Amino acid sequence: MSTTANPIEPPNLAEVNVFDPRWWEDGPPHALFRRLREDAPVRWNPFPDGTGCWVVTSHAEVSAISRDTATYSSQRGGIFLTDDTFMPLDVMSSMLLYMDPPGHVRYRLILQRAFTPHTVGKLEDSIRARVTRTIDRVIEQGSCDLVDDIATPIPLGVLCELMGVPDDEMPRFADWTERTEVALRSSEPDSGTEVFGEMVGYLYAQIERQTREERVDSLVMKLRAAEVDGEQLTEVELVAFFGLLVFAGNDTTRNTTATGMLALLQNPDALRELQADPSLIEQAVEEILRFTTVVQWFNRTATCDTELGGQAIKAGDRVIMWYGAASRDPAVFPDPDTFDIHRKKPDHKAFGGGGRHFCLGSGLARLELRIILEEVVRRLHDLEVAGEVERVPSNWAYGLHHLPVTFTPGPREAS
């Protein structure tokens with residue numbers, strides 16, 4: 001089932017600005033993306049000020065761009081359409097998302113040691129306990145807001161646990177996430193400086209406290225001590241990763257949980273299947289990731305004149321990879337607008353287009369999503385939408401502000 005209708009019927013596809021907010025009132029405009037893939041999978045997108053960028057909607061081209069960091073740079077023009085000055089430049093340039101090789105290779109080798117499958121796997125029991133406690137708070141009510149009451153506190157709590165800080169810090173992390181989102185949407189330079197400054201002060205206070213307490217198991221201290229070829233993260237790099245973790249480490253999982261539950265509520269047969277056969281849940285998580293693909297796009301900048309999808313790309317051109325569109329390319333996914341929990345290992349783009357920038361936290365996100373889904377379908381029966389679904393007004397991240405539901409309480413303990 002398609003998630004959106006076309007709010008605008010373009011008389012001329014060449015004149016369409018995909019970033020126009022009117023296309024996004026009901027979520028990602030998949031009908032428009034379908035036309036673009038069919039007629040112009042690599043297309044110049046005009047902006048009202050006379051500038052523009054290349055819009056790429058096909059699975060093959062998004063994959064090709066992602067794997068060619070020499071031709072399509074993250075560092076040269078940033079990952080958004082603006083000059084990406086919402087934080088100090090030295091911090092922005094130290095974020096993994098903004099790096100090209102060889103710096104990216106060194107940085108990622110250090111960071112990925114904190115996200116090995118073994119490390120992530122050890123979190124399963126504590127995450128399940130957290131999900132159980134979270135559901136316990138609302139289950140007797142017979143209703144809740146799936147965003148506020150479940151999708152938001154769980155990844156925030158997991159993040160706090162990883163960082164080695166108490167759960168009562170969750171409101172602080174939530175506030176930073178929200179203000180970072182606002183800063184990213186702002187056209188004002190240094191719009192994120194204030195929130196960044198707060199995070200810097202907090203991080204150094206945590207390093208000092210955890211060093212004094214001889215903590216060794218938190219992510220803060222693991223990153224502080226990690227080495228590759230005798231090199232550690234610089235202080236700026238450590239701060240940059242902390243900022244990225246606070247935002248991306250919980251925001252994307254929150255939004256995928258919320259939009260994934262909405263997809264299941266809009267497809268009640270699939271929801272009933274999962275309740276009858278929980279062994280389908282791991283597969284369903286991959287379909288949720290494909291169908292919702294929360295991060296819709298990132299920018300790359302061409303480093304030289306090149307050709308892509310039959311179009312001449314000039315050095316300096318911005319090239320936008322549309323992950324949500326690529327995740328519904330019929331060349332890869334049969335009947336792509338249908339939510340099908342029986343798809344086998346879909347090559348979706350929810351964690352990026354592949355290559356060096358594939359999401360470092362994908363294993364943790366999958367684990368959280370699986371456990372949340374297992375416990376929700378087991379314990380919240382007869383789930384139904386019980387009010388207006390409020391979407392995040394964004395063309396970059398597909399997310400929900402509110403998803404009110406009613407349900408019948410199920411068992412407290414697993415059978």
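Because only heavy atoms are used, hydrogens play no part in the values below, and waters and symmetry mates are left out as well, while side chains stay in. Only a predicted model underlies this, so the values are computations on that prediction, with no experimental measurement involved.
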Answer yes or no: are there more than 12 heavy-atom neighbours, outside [X] itself, under 6.0 Å from its atom [atom1]?
X: Gln141; atom1: CD; result: yes
X: Glu388; atom1: CD; result: no
X: Glu198; atom1: CD; result: yes

Check whether the ring centres of [X] and [Y] lie less than 6.0 Å apart, and answer yes or no.
X: Phe333; Y: His348; value: no
X: Trp396; Y: Phe298; value: yes
X: Tyr323; Y: Trp297; value: no

Q: Could you list all the ring-ring contact (aromatic ring centres under 6.0 Å, His included) pairs where at least one residue sits in residues 250-281, not counting sequence neighbours?
A: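 Sorted result for residues 250-281: empty, none.
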
Q. Under 6.0 Å from the six-membered ring centre of Phe291 and within 45° of its axis: does the NZ or CZ of Arg328 meet both?
A.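 The answer is yes; both the distance and angle limits are met.
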
Inspect the contact between [Y] and [X] and indicate whether a charged nitrogen and a carboxylate oxygen are less than 4.0 angstrom apart.
X: Glu38; Y: Arg35; result: no
X: Glu374; Y: Arg378; result: no
X: Glu286; Y: Arg290; result: no
X: Arg172; Y: Asp175; result: no

Q.
Quick one, Asp305 and Ile313 - any side-chain contact, counting heavy atoms below 4.5 Å?
A. no

Got a second to check how far [X]'s [atom1] is from [Y]'s [atom2], nearest 0.5 Å?
X: Ile372; Y: Arg254; atom1: CD1; atom2: CZ; result: 12.5 Å
X: Thr259; Y: Arg391; atom1: OG1; atom2: CZ; result: 10.0 Å
X: Arg224; Y: Leu203; atom1: CZ; atom2: CG; result: 8.5 Å

Q.
Classify the ring geometry of Trp322 against Phe19: parallel below 30°, tilted from 30° to 60°, perpendicular beyond 60°.
A.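 Plane angle between 30° and 60°, so tilted.
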
Q: Could you tell me whether the side chains of Thr338 and Asp340 share a donor-acceptor contact shorter than 3.5 Å?
A: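 Not at all, the side chains of Thr338 and Asp340 share no donor-acceptor pair under 3.5 Å.
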
